[in-house]
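All values below come from the heavy atoms of this structure, side chains included, with hydrogens, waters and symmetry mates left out.
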Amino acid sequence: MYTYCFEMSIGVYIFDIFLIPAHNGYAKKRAMAPFYFSNTFHPFLPISPIYPFSDSSMHIRNIAIIAHVDHGKTTLTDGLLKQTGYAQEGFSMDTNALEKERGITIYAKNASLYYKDTKINIVDTPGHADFGSEVERVLRSIDDVVLVVDAQEGPMPQTRFVLKKSLELGLKPIVVLNKIDKPAARPEIVAELVYELFLDLGATDEQLAFPVLYAIAREGIAKRSLDEAGVDLSPILDTILERVPEALHDSEAPLRAQPFNLGYDNFLGRIAVARVYEGSVKTGDQILIRNIKGKSENGRIVKIFTFKGLDREEIPVANAGDIVLLAGLPTVEIGDTISNTVDQEILPAIDIDEPTISLFFLVNDSPFAGREGKYVTNQQIRERLEKELEINVGLKIDFSETDRYKVYGRGELHIAILLENMRREGYETQVSQPQVIIKEVDGVKQEPFEEVTIECPMESSGTVIDKLGRRKGFMIEMKEGSGGYQRLLFEAPTRGLLGYRNEFIIDTRGEGIFSSRFVGFRPFVGEIAHRDSGSMISMIAGKTAAFALDNLQTRGTLYIGPGVEVYEGLVVGNTSKGSDMAVNPVKGKNLTNMRSSGADEALKLSPPWELTIERGLEIMSGDEFLEVTPTCVRLRKQVLNETERVRVSRKK
């Protein structure tokens, strides 16, 4: 089979074209309809054995693979697909360009494989806390989970979060200790830590009897004990068949299905990724879309797709127990109940976590506006944000103002991914400083809090404790880790953590691990001092000169190098002291006929601190904008002229 993929600016067209030799000497061709889903890109996939993927008598297992970020769940999923013939060597489920660059899963992805006459639907979930809401939705739609834990790091914040949700839903996880080939791996100790975590989270006796497997997902090896040699990943697949309950497939009952994710197709519109709990649904069926809030709308199923490997294959009918894609329902939302009649009971709603931060998206009005972007107008930005709402359900946007739009997200990375996707598509925009969402509950002011887990060298722990203490964080636990490291557990307000990650990297000399997860809203803790440094602001337009930057680098950290075009009001660096400073970065060396002792000294410029979207969102102050274009990320003052800035500050 040959799969041809064409990546467009607004999605991915997938055409599967393959030849299947037949006994009577002719070849059969098939082409799949174009489909776009969560900005994913599908590489070349091999042809796999043909199985009855829509048979009502089929045995089905539905599982999700969950883990903390970078513990190897996607590598494990890739290995399972390769072993069963649904992927080639070198293939990865992290197909989005940003996922490849960052090495993390951003979008939840569905796949399926066939093993021992059983179809196994797999959902690969994101590991970062900012995308935790996707994990929660997925857990409601599967029958069990495979919990992957790094055999060196052990349980981390997101491990605790996803496991807690799984146990609350009554699931009985299968534990896989991955990366046992690491030099510092400690599988026996980590197995005990996982057991302690189950106890801490109130697991039942049945849930505590979890099986533990050991794996090197990168090499495609798994085993039931450390003494075994390990050949392939069959022990994991066999354990799934033994432990995961078979999906109910009562296809004779009236239809009940529930979407847990959304996709988008350029021709079919919104696509619902749904679990069929009861009955069956056919192409052309008239259905009802209802929820507990009283929504009741009619709809018609235009197309149905099932998963085959990572491919989407169109089928005429979907039966109970399967996970499918339903097209033709433009108003369907996550958690709605899709049924035949009003008499059927509505399925429990799937809650989506509230956003924790907000910021404004505006048209770029800097002196360089329109130079680098293809889509620069207010209407184009609005249309792009409206389209994002079709699939990014963790995002909320207020379109009430005409000149700017307030965007609510789950965290800095959540917003940064949106901005990065927009700039790669040719959009040019600017955003304000992220602000934590404050709300009132029973007359009490509350703000979001996060649980922070830190692993750092012992000599750095004092600095880390001091810095987080000043940001209103309080320590819950301190444990001695392995290899001279210490593990610290804090709870801190999200406001206090904004802008701290870069300081943490410096304080620990890049040897620390910082992870956090949202734990809820707590009483407001008062003012927090964030920034000890000010901004170096260009007071003139032109190209930066090495001579000027050589003098300025002694005053702080520079964001740009020599020969870069700047404008008045652009932030070119930060100052060691806490106040802003207007500078002239374009000033060259005066030429004279007089000789001096330092005339021939070479200029030694330190490399500039590259400004990325995440760094910009962390370090920017309240009177600044982050300018994001396809080629540059710039930090600028909202009021560009220095005299005007002084006048505005006096009015405040």
Side-chain angles (χ1 to χ4, degrees), residues 359-382 384-385 401-405 416 419-420 422-434 534-549 551-553 555-575 579-588 608-613 615-617 619-652:
L359 73 170
F360 286 102
F361 275 55
L362 306 94
V363 172
N364 184 19
D365 61 356
S366 80
F368 292 170
R371 288 190 182 187
E372 299 152 358
K374 183 180 177 183
Y375 307 107
V376 299
T377 67
N378 185 52
Q379 185 61 28
Q380 288 169 332
I381 293 171
R382 179 182 178 125
R384 176 62 180 82
L385 292 176
E401 298 183 58
T402 56
D403 59 336
R404 60 180 187 173
Y405 309 115
L419 285 168
E420 186 64 43
M422 287 179 66
R423 71 179 289 205
R424 293 186 183 206
E425 294 166 15
Y427 286 86
E428 191 173 300
T429 186
Q430 63 185 12
V431 296
S432 64
Q433 182 190 37
S535 298
M536 277 188 208
I537 310 150
S538 176
M539 58 194 297
I540 194 169
K543 281 193 176 181
T544 54
F547 178 77
L549 297 181
N551 293 322
L552 293 177
Q553 69 181 357
R555 313 290 290 273
T557 303
L558 295 175
Y559 302 153
I560 58 174
V564 177
E565 200 169 354
V566 298
Y567 54 80
E568 183 184 6
L570 184 74
V571 177
V572 298
N574 62 41
T575 62
S579 56
D580 291 350
M581 179 174 66
V583 299
N584 183 358
V586 304
K587 181 182 179 182
W609 194 60
E610 185 185 354
L611 203 61
T612 61
I613 294 175
R615 284 178 176 175
L617 291 173
I619 66 174
M620 67 190 297
S621 61
D623 65 341
E624 293 171 351
F625 283 141
L626 186 67
E627 182 184 347
V628 181
T629 73
T631 57
C632 286
V633 177
R634 306 183 185 95
L635 202 57
R636 50 156 287 194
K637 289 294 179 182
Q638 293 182 8
V639 180
L640 299 177
N641 183 267
E642 185 182 1
T643 307
E644 288 296 322
R645 279 200 304 275
V646 173
R647 186 178 293 119
V648 170
S649 64
R650 284 175 181 170
K651 288 181 181 178
K652 290 182 180 178

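- Using a distance-only test at 3.5 Å, with no hydrogens or angles considered, no donor-acceptor pair links the side chain of E644 to the main chain of N641.
- The minimum heavy-atom distance between S432 and L362, with the atom names listed, is N-CD1, 4.4 Å.
- Using a distance-only test at 3.5 Å, with no hydrogens or angles considered, a donor-acceptor pair links the side chain of T544 to the main chain of G561.
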Give the C-alpha distance, both sets of side-chain angles, the deciding distance and a yes or no for salt bridge (Lys or Arg N to Asp or Glu O under 4.0 Å) between E425 and R384. CA-CA 10 Å; E425 294 166 15; R384 176 62 180 82; 2.6 Å; yes
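- Between D623 and R636 there is no salt bridge, since none of the side-chain N atoms of the basic residue sits less than 4.0 Å from a carboxylate O of the acidic one.
- In this structure a side-chain-to-backbone donor-acceptor pair under 3.5 Å is missing from E420 to A416.
- Side-chain atoms of R555 do not come within 3.5 Å of backbone N or O of T575 as any donor-acceptor pair.
- Residue E401 places its CD atom among more than 12 non-hydrogen atoms of other residues, nucleotides or ligands, all under 6.0 Å distant.
- N574 places a side-chain N or O within donor-acceptor distance of the main-chain N or O of T557, the cut-off being under 3.5 Å.
- Residues A548 and V586 share a closest heavy-atom pair of CB-N, 4.3 Å.
- Using a cutoff of 4.0 Å between basic side-chain nitrogens and carboxylate oxygens, K637 and E642 are not scored as salt-bridged.
- Between F360 and Y405, the ring center distance fails the sub-6.0 Å criterion.
- Classified by interplanar angle (parallel below 30°, tilted 30° to 60°, perpendicular above 60°), the ring pair Y559/W609 is tilted.
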Is there a side chain to side chain donor-acceptor pair (under 3.5 Å) between Q430 and S366 once you walk through the steps? CA-CA 9 Å; Q430 63 185 12; S366 80; 5.8 Å; no
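- Across all their heavy atoms, L359 and L617 have their closest contact at CD1-CD2, 4.1 Å.
- Put simply, the side chain of E428 gets close to the backbone of G370: a donor and an acceptor are under 3.5 Å apart.
- Between A369 and N364, the closest heavy-atom pair is CB-O, 3.3 Å.
- A donor-acceptor contact shorter than 3.5 Å links the side chain of Q433 to the backbone of M620.
- Side-chain contact check for Q638 and R645: no donor-acceptor pair (N or O, by modelled atom type) lies under 3.5 Å.
- Taking each heavy atom of T631 and R423 in turn, the nearest pair found is C-NH2, 3.6 Å.
- Between the side chain of T629 and the main chain of E372, no donor-acceptor pair closer than 3.5 Å is present.
- Aromatic rings from Y427 and Y375 are positioned such that their centres are separated by under 6.0 Å.
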